[in-house]
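See below for the structure under consideration.
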Amino acid sequence: IASVTMEHPTKELSMALRAEITRVVSELRFSIFDLRHDLSGHSLPTALADYANAVALQSGLRVHLTLDEAGAPLSSRTQTEILRIAQEAIGNVRRHSRAANLWVLWTTDAESQCLRVEDDGVGNAVPREQHYGLHTMRERAAHIGATLQITERPGGGTIVELSNRPHEQSRCKETTVAHHRPVGR
């Protein structure tokens with residue numbers, strides 16, 4: 001319509017519609033990409049590593065993985081929820097952050113679990129109209145008895161942290177101290 005009409009309001013509306021359709025198609029592609037990556041017989045650390053590495057290849061992000069799993073395996077449902085939360089958090093970094101680095105930390109033992117996704121991008125991770133990713137991550141966390149915290153990263157970027165022990169000194173905080181400075185900047 002924009003190429004065949006001379007009316008300014010119609011042209012503006014058609015350009016806005018085209019931009020929205022492009023955004024929706026892009027979101028659908030990312031969703032399909034995410035759904036193709038699941039546990040399918042792999043451990044959660046393996047699935048996280050595979051997904052983060054695939055995103056790195058597509059986006060050019062420098063990915064830093066720390067995966068530490070000890071104790072009995074988590075239930076399949078819990079592992080799936082954690083993977084989907086990680087995928088959404090990593091996808092948000094890919095789509096919105098303009099980051100150079102992505103840090104993914106997964107640590108678990110017999111008593112605690114912690115997932116931390118951190119980037120050195122623009123920050124400002126707030127819910128957007130017609131976007132439900134942050135809300136869905138919080139719902140998934142609640143389903144497995146965990147909490148989700150989203151905070152600004154010192155020096156720029158965002159930290160998404162899932163923990164089933166948010167009020168205690170978590171292994172997550174102990175393990176990621178070295179990751180607070182961007183690499184190569």
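- The pair R95-E88 counts as a salt bridge, with a side-chain nitrogen and a carboxylate oxygen less than 4.0 angstrom apart.
- Inter-residue side-chain proximity for L105 and L115 is flagged as unmet; no heavy-atom pair is nearer than 4.5 Å.
- Annotation: side chain of T108 is not in contact with side chain of D68 (no heavy-atom distance under 4.5 Å).
- Of the inter-residue distances, the one linking S97 atom OG with D119 atom CG reads 4.0 Å to the nearest 0.5 angstrom.
- Among all heavy-atom pairs drawn from N164 and S112, the shortest one is OD1-CA, 3.3 Å.
- Listed here is the closest heavy atom pair of Q79 and L74: NE2-O, 2.7 Å.
- For the residue pair I82 and W106, the shortest heavy atom distance occurs at CD1-CH2, 3.6 Å.
- Atom CG of L48 is separated from atom CD of E69 by 9.5 Å, given to the nearest 0.5 angstrom.
- When all heavy atoms are compared, the tightest approach of V63 to A56 is CG2-CB, 3.4 Å.
- Of the possible donor and acceptor atoms, one in the side chain of S59 sits under 3.5 Å from a partner among the backbone N and O of V55.
- A donor atom on one side chain and an acceptor atom on the other are found under 3.5 Å apart for H135 and E139.
- Of all non-hydrogen atoms in L65 and A52, the two that sit nearest each other are CD2-CB, 3.9 Å.
- Residues L61 and V93 have side chains in contact (heavy-atom distance under 4.5 Å, counting atoms from C-beta outward).
- Atoms CZ and CZ, on R77 and R140 in that order, are 10.0 Å from each other to the nearest 0.5 Å.
- Annotation: the span from S163 atom OG to R116 atom CZ amounts to 11.0 Å, rounded to 0.5 Å.
- The structure places CG of D120 at 4.5 Å from CH2 of W103, a figure rounded to the nearest 0.5 Å.
- Between L134 and I150 the shortest side-chain heavy-atom distance falls below 4.5 Å.
- In this structure the side chain of T158 never reaches within 4.5 angstrom of the side chain of R153, judged on heavy atoms.
- The CG atom of L148 lies 5.5 Å from the CE atom of M137; values are rounded to the nearest 0.5 Å.
- Here the side chains of Q149 and L162 are not in contact, with every heavy-atom distance at 4.5 Å or above.
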